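Numbering starts at 1 and runs along the sequence shown. Computed from a predicted structure; not experimentally measured.
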Amino acid sequence: MQEPALTQLPLVTNDATVLGLLALILGFVFYTSNSGHPFWQKFYKYIPALLMCYLLPSLLNTFGIVDEKISSVDEVAKYYLLPACLALLTLSIDLKAIAGLGSKAIIMFLTGTVGVVIGGPIALLITAAIWPELIGVQGPEAVWKGMAALAGSWIGGGANMLAMKEIYGADGKIFTIMVTVDIVVANLWMAVLLYLAANHKRIDAKSGADTSGIDRLIDKVQAYERKHSRKPELKDLMLILAVGLGAAGFAHVVADILAPYFQTNFPELEKFSLHSKLFWIIVAVTTFGLGLSFTKVRNLEAVGASKVGSSFLYILVATIGLHMDITQVVEAPKYILIGLIWMAVHVILLFMVGKFIKAPIFYLAVGSKANIGGAASAPVIASAFHPSLAPVGVLLAVFGYALGTYMAWLCGQLLRIIGA
């Protein structure tokens, strides 16, 4: 077999070096965003620090320094740091306070789902008026079949996307194109949401949204931290790591048992994402973290458990940024246009309903990412508002896993009527 040309390889292929680069980027952003220098103060007044933690790593991928297809750093972040982060962010949560947030969070989540379901057919109708060849195809290469798979990703996640690919029989080429659309469009929307999160107070004040429930939840967590906080010692930090990484390990044990069990004994339950290892990891670690919130382990919040969890989360943000390649936008314009129109319908519907019920921008952002992104990015967006809110994103994302297959299948049927 012929060896690949060196020019095809990225500049950096060692994952340890990639992780080091991401750590340097995060350190640079946090140092400059807290600098008293007038330039940096003015810069971060308009460009949120969290957005920079996402965009700067994307440049590594765009300019060929790192290739996200080769690097497995994001897998480490997703399967190790994310579960540990979720455990540390949920161990101090107050379930009664979350329940007190009311029904608006669920309404916005379901609105986001409906936006995806109707947005796909609308996008196909509009783009077919420009490129008629997009419709009328019956075989596995049909655009509507690839879009049905994308609907699975945008209502639940990767497991749902693969399920829709198999259900509708999309071939590898159209599926790969839709994966590109997913990466480009979803990540562009992620960048917008990070900007909205950094400016949510001004946006909510202008819209007159009622943020009292969110404020009460944040105040309660902060009051607990102020009352019990103390300077952390080495033993405290080691206990925090023990709980976070121990919970991640426990979740993997559960997933390694349950995912194969359901695959073997209940193949028909794949549509519920019960065959997905990541699904069981997220469910197990969230359940474990919430269980710890009723024990004395929650006192670890007083010595910075959520701060350690947030540091893991920022690494996850940076690895998500590695998937963004700005140049991909021009490679498949008609398919990218489909994705942009589709996302626009989703976003417009969210803003319309949000304005009608006066929902805080937090509910819009998390309701959207619990659909488009799932458990890997919903807590990222939620914690961008405040670390105490991360569990809200997790709970909605788990709901999205369960709902995704049904609603994506419905979207696929609507797409079939238009595109076949």
Donor-acceptor check, side chain of Ser35 to backbone of Tyr31, threshold 3.5 angstrom: yes or no?
no
What's the spacing between Leu188 CG and Leu193 CG if we round to 0.5 Å?
11.0 Å
Side chains of Ile338 and Leu150: does their closest heavy-atom pair fall under 4.5 Å?
no
Where is the tightest heavy-atom contact between Tyr195 and Asn199, given as atom of each residue plus distance?
O-ND2, 2.8 Å
Indicate yes or no for a side-chain donor-acceptor contact from Thr319 to the backbone of Leu316 under 3.5 Å, with no hydrogens or angles considered.
yes
Are any of the side-chain heavy atoms of Leu21 and Val12 separated by less than 4.5 Å?
yes
Are side-chain heavy atoms of Met178 and Val143 found at a separation under 4.5 Å?
yes
Leu237/Leu241 under side-chain contact (heavy atoms from CB on, under 4.5 Å): CA gap, chis, key distance, verdict:
CA-CA 6 Å; Leu237 295 175; Leu241 290 177; 5.7 Å; no
With rounding to the nearest 0.5 angstrom, report the CD1 to CG distance, Ile281 to Asp256.
7.5 Å
For His346 and Met343, indicate whether the former's side chain and the latter's backbone hold a donor-acceptor pair under 3.5 Å.
no
Closest approach of Cys411 to Val116 (non-hydrogen atoms, all atoms of both residues)
SG-O, 3.9 Å
Show, in sequence, the C-alpha distance, side-chain angles and deciding distance for Val73 and Ile315, and conclude whether the side-chain contact (heavy atoms from CB on, under 4.5 Å) test is met.
CA-CA 10 Å; Val73 170; Ile315 296 174; 5.7 Å; no
Separation of Ser368 OG from Leu196 CG (nearest 0.5 Å)
10.0 Å
Would you say the side-chain atoms of Asp67 pair up with the backbone N or O of Thr13, donor to acceptor, closer than 3.5 Å?
no
N/O donor-acceptor pair under 3.5 Å between Trp144 side chain and Gly412 backbone
no
Ignoring hydrogens and angles, tell me if any N or O in the side chain of Asn61 forms a donor-acceptor pair with the backbone of Pro57 under 3.5 Å.
no
Which label fits Phe39 and Phe43: parallel for a plane angle under 30°, tilted from 30 to 60°, or perpendicular past 60°?
parallel
Any idea which heavy atoms bring Val185 and Gly339 closest together, and the distance?
CG1-O, 3.5 Å
Ile361 and Phe385, any side-chain heavy atoms less than 4.5 Å apart
yes
Expected output: side-chain Asp15 to main-chain Ser72 donor-acceptor under 3.5 Å
yes
Check whether Thr264 reaches the backbone of Tyr261 with its side chain - one donor and one acceptor, N or O, closer than 3.5 Å.
no
Which residue pairs pass the ring pair (Phe, Tyr, Trp, His ring centres under 6.0 Å) test when at least one of the two sits in residues 58-81, sequence neighbours left out?
Tyr80-His252
Taking all heavy atoms of Ala248 and all of Pro83, pick out the closest pair and write down the distance.
CB-CB, 3.7 Å
Can you list the steps and then say if Ile107 with Tyr363 is a side-chain contact (heavy atoms from CB on, under 4.5 Å)?
CA-CA 9 Å; Ile107 292 174; Tyr363 292 146; over 6 Å; no
Heavy-atom distance under 4.5 Å between the side chains of Trp154 and Ile372, does that happen here?
yes
Over all heavy atoms of both residues, which pair between Leu350 and Gly112 is shortest? Give the atoms and the distance, please.
CD2-N, 3.7 Å
For residues 123-136, tabulate all N or O donor-acceptor pairs below 3.5 Å that involve a side-chain atom, not counting sequence neighbours.
residue: Thr127; atom: OG1; partner: Ala123; partner atom: O; Å: 2.8
residue: Thr127; atom: OG1; partner: Leu124; partner atom: O; Å: 3.3

ring-ring contact (aromatic ring centres under 6.0 Å, His included) against Phe28, all qualifying residues, sequence neighbours excluded
Trp40
Rounded to the nearest 0.5 Å, what separation is found between the CG atom of Leu364 and the NE2 atom of His200?
13.5 Å
What distance do Thr17 atom OG1 and Ile65 atom CD1 have between them, rounded to the nearest 0.5 Å?
12.5 Å
Side chains of Leu88 and Phe312: closer than 4.5 Å at any heavy-atom pair?
yes
Report yes if the side chains of Asp74 and Leu322 come closer than 4.5 Å at any heavy-atom pair, otherwise no.
no
Going by heavy atoms in the side chains, are Leu258 and Val283 under 4.5 Å from each other?
no
Work out which heavy atom in Ile70 is nearest to a heavy atom in Pro10; give both atom names and the distance.
CD1-CD, 3.5 Å
Spatial distance of atom CZ (Arg298) from atom CG (Leu292) [nearest 0.5 Å]:
11.0 Å
Polar side-chain atom of Ser153 near backbone of Ala149 as donor-acceptor pair, under 3.5 Å
no
